[in-house]
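A short worksheet on the structure shown next.
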Amino acid sequence: MNKEPSELKINYNHETGVISLQAYDEGFFNWEKDITQDIMEIAVEKLFDDMDCPANGGVIQLERVNDKRNGVNKILAEVINKK
């Protein structure tokens with residue numbers, strides 16, 4: 001009899017807006033932790049780094065290229081200079 005491996009999954013709940021880390025043990029749900037704030041902070045930092053924003057600040061404007069949540073092909077972004 002083969003056992004299913006333990007695994008971690010990242011899940012986004014569209015209804016609650018929560019990003020969670022979920023653990024499964026042998027295919028059965030074990031625990032869940034809300035990681036929304038951590039993920040968003042890391043994602044924003046990565047966007048600023050990827051767009052070569054200055055270390056002391058900047059503004060990034062994002063535009064959704066599709067109106068379907070699951071159909072976004074890419075995110076368009078631009079750095080806007082502070083006035």
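Note that the structure is a prediction, hence the values are computed from the model and not measured.
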Checklist entry - Say you draw a straight line from CD of Glu26 to OG of Ser6; how long is it, rounded to the nearest 0.5 Å? => result 6.5 Å

Checklist entry - Same hydrophobic cluster for Val18 and Ile35, using side-chain heavy-atom links shorter than 4.5 Å among ILVMFWY? => result no

Checklist entry - Do other residues, nucleotides or ligands put more than 12 heavy atoms under 6.0 Å from Ile10 CD1? => result no

Checklist entry - How long is the span from the CG atom in Asn30 to the CD atom in Gln22, to the nearest 0.5 Å? => result 11.5 Å

Checklist entry - Do you reckon Tyr24 sits in the same ILVMFWY cluster as Trp31, going by side-chain contacts under 4.5 Å, direct or chained? => result no

Checklist entry - At what distance, to the nearest 0.5 angstrom, does CD of Gln37 lie from CD1 of Ile42? => result 10.5 Å

Checklist entry - Are Leu8 and Ile19 co-members of a hydrophobic cluster defined by side-chain heavy atoms under 4.5 Å apart? => result yes

Next on the checklist: More than 12 heavy atoms of other residues, nucleotides or ligands under 6.0 Å from CZ of Phe28: yes or no?
Outcome noted: no

